[in-house]
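The shown structure was predicted, so the numbers you read here are calculated from the model rather than taken from an experiment. Protein chains get the first letters and strands the later ones, always in sequence-line order, with residue 1 at the start of each.
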2 protein chains.
Amino acid sequence: MDRSLQERLKPVLAEARSEKGRRLPSERELMTRFGTTRITLREALNALEAEGRVYRENRRGWFVSPPRLRYDLLACLPFHEMVRSQQRSARTLLLSAEEVSAPAVVARRLGIAEHAPVYRICRARLVDERRVLYVEHHLLPSCFPQILEFDLARESLTELYRREYGIRVGRVSYELGTCVLSSAGADALNAVRGSPAQRISRINHDQNGRAIDCDDEYWRHDAIELTLSAAPQGGEAIRTS
Amino acid sequence: MDRSLQERLKPVLAEARSEKGRRLPSERELMTRFGTTRITLREALNALEAEGRVYRENRRGWFVSPPRLRYDLLACLPFHEMVRSQQRSARTLLLSAEEVSAPAVVARRLGIAEHAPVYRICRARLVDERRVLYVEHHLLPSCFPQILEFDLARESLTELYRREYGIRVGRVSYELGTCVLSSAGADALNAVRGSPAQRISRINHDQNGRAIDCDDEYWRHDAIELTLSAAPQGGEAIRTS
DNA sequence: CCATCCAGCTGGTATAGACCAATTGAGCCA
DNA sequence: TGGCTCAATTGGTCTATACCAGCTGGATGG
């Protein structure tokens, strides 16, 4: 990777940042402007993408990344509230909501039999009109009968749980890791299949500790920074050395 | 990206997994074996790297990734214990331990003036002899005088805090995100500068809530999966919709 | 005024070949 | 036996070119 090419691209990013579309010039234009080839240029852009400085939309072009959203795992704020509290705009698109048979992973997490019926809700979420998050929810139908008939694009699921079903979320279990976008995720985010992503999987339990639903969030990796603050568990204050 | 090339590479990974070095054949051999060019082959390998299936060591070659280590953020187990509890072997290399003047970020996190003296400890950590983690610690000298004289490669820092200074870690604040390895990190992990990484930054406070040290962990992104389980804070059980 | 169509542009993917730099292992020497 | 040198090998980076596929926006037609 030609490090100086990355450096030489930075003024281009600065310029794009101040344009309204935050869009970079086309690869071919940059290539000639910097006197290099498309392959070399794309390597530099890929490196900047890995750093989280630029991102691309499938076959549309390259854009400079906005500042990351801060996401407090323990605050458990609904998405729209979290986003608005950071002076950004939020929007949700409902992609699908249907009954499906539980995939193995979901069945294991919810403690039900594989292929048992579950409700699956897929949504895309936008921050400042940029698609940054693809979520798949799987709900236990026994807990939430007829939930698919509500307006799932506007309502917070937790709010529905509480208001319509009298269920409050108790313990939450997270699993986090880096991954790449599946084709469904890539389609939802206008991204290229295989783009790096941050996965946040969660299992929600009710007041009695029973798993009621789980969801998998796939964030564009440059869009968030996770935070978390806690006192050590179990009295003994040992930590990683 | 030729998806079928990635698919066709999978048997190669399976074969490499069973070899003792877990090493893939050289790029040039794979290129001729699959009748393609090096650039195309490398794109496929990069995609597999993003998926966490393979990784590379700088100028040494490609390797299949071992299973991810599970890292419970709230368990706060010392590294060696965490690794051994998962039937893997752990080792730590001390890279440097010295007094430096606090960089702006560190100063802010520790609540001290920029350029105030701090102790910096840099270590590389291995799991099953693979370098997976580069850590930079910054300690408040006022809390830990002469700590640099201990055997920092073998001792758990927290254990030292407790035994030698009577300090226990109270509240811990995390900040997580994806990033790429700096050159120091890449060197420490035998990685290529710019490899994708998972950052885990932490600020440790003592029993009285005063920041005593902070550290930045940079993990090879395919090496870990983070877990976390908690009940919502503040009574109200609201969660992201 | 709105829906449709299509050309042009953009990124996505691929081929072919070349030189550089670090690693590594074989072979040599003390 | 142990350390050193050096050549082969491997990945790192780059040039040059080509065709495909999807998005986009302007022209067209109802």
Rounded to whole Å, please give me the gap between CG in B:L24 and C1' in D:dG11. 13 Å
Checking all strands, does B:R42 fall into the base, sugar-phosphate, or nothing category for heavy-atom contacts under 4.0 angstrom? base
Interatomic distance where CE belongs to B:M31 and P belongs to C:dA14 [whole Å]: 15 Å
Contacts of B:R17 that satisfy salt bridge (Lys or Arg N to Asp or Glu O under 4.0 Å) - sequence neighbours left out: none
Walking DNA chain C from its 5' end, the first of B:L41 and A:E27 to be reached, judged by nearest nucleotide, is A:E27
Rounded off to whole Å, could you give me the CG-to-P distance for the A:L45 and C:dT10 pair? 14 Å
Checking contacts here: which listed nucleotide (C:dG11, D:dT15, D:dT13) is nearest the side-chain heavy atoms of A:W62? C:dG11
Once salt bridge (charged side-chain N to carboxylate O under 4.0 Å, His left out) is applied, what residue pairs with a partner in residues 130-139 of chain B remain, sequence neighbours excluded? B:R130-B:D222
Any donor and acceptor pair, going by atom type alone, linking the side chain of B:Y71 with main-chain N or O of B:T227 inside 3.5 Å? no
Tell me the interatomic distance from B:R193, atom CZ, to D:dT13, atom P, rounded to whole angstroms. 8 Å
For A:R199, the salt bridge (Lys or Arg N to Asp or Glu O under 4.0 Å) test, sequence neighbours excluded, returns A:E175, B:E225
Gap between atoms CD and P, on A:E43 and C:dG11 respectively (whole Å): 17 Å
With sequence neighbours left out, write down each residue that passes ring pair (Phe, Tyr, Trp, His ring centres under 6.0 Å) with B:W62, or none if nothing qualifies. none
Between D:dC14, C:dG12, C:dG11, spot the one nearest the side chain of A:S26, thanks. C:dG11
Inter- and intrachain pairs under ring-ring contact (aromatic ring centres under 6.0 Å, His included), touching residues 83-110 of chain B, at least two apart: none
Give the B/S/- string for nucleotides 18-25 of chain D, one per nucleotide from 5' to 3', where a protein heavy atom under 4.0 Å of the base yields B, of only the sugar-phosphate yields S, and otherwise -. BB-BSSS-
Whole angstroms only, please: what is the CZ-C1' distance between A:F63 and C:dG11? 11 Å
Hits for ring pair (Phe, Tyr, Trp, His ring centres under 6.0 Å) against A:Y218, two or more places apart or cross-chain, chain-then-number order -> none
Hits for side chain to side chain donor-acceptor pair (under 3.5 Å) against B:D216, two or more places apart or cross-chain, chain-then-number order -> B:R109, B:S201
Are there any protein N/O atoms within less than 3.5 Å of an N/O atom in nucleotides 4-6 of chain D, and if so, which ones and at what distance?
none

How close or far is atom C1' of C:dT23 from atom CG of B:N190, stated in whole angstroms? 11 Å
Grab the OH-P distance between A:Y55 and C:dG11 for me, whole Å please. 14 Å
Beyond-backbone contact of B:R120 with B:H137, side-chain heavy atoms, under 4.5 angstrom: no
With sequence neighbours left out, the residues meeting salt bridge (Lys or Arg N to Asp or Glu O under 4.0 Å) with B:E114 are none
Nearest to the side chain of A:T40, which nucleotide is it out of C:dA14, D:dC14, C:dG11? D:dC14
To the side chain of B:I39, which of D:dC14, D:dG12, C:dG12 is closest? D:dC14
Quick one, which residues of residues 12-19 of chain B touch DNA chain D with a heavy atom under 4.0 Å? none
Side chains of A:I147 and A:E149: does their closest heavy-atom pair fall under 4.5 Å? no
Using the ring-ring contact (aromatic ring centres under 6.0 Å, His included) rule, collect all pairs that involve residues 21-58 of chain B, keeping only residues at least two apart or in two chains. B:Y55-B:F63
Kindly say if B:T36 contacts the phosphate of C:dT15, meaning a side-chain N or O under 4.0 Å from OP1 or OP2. yes
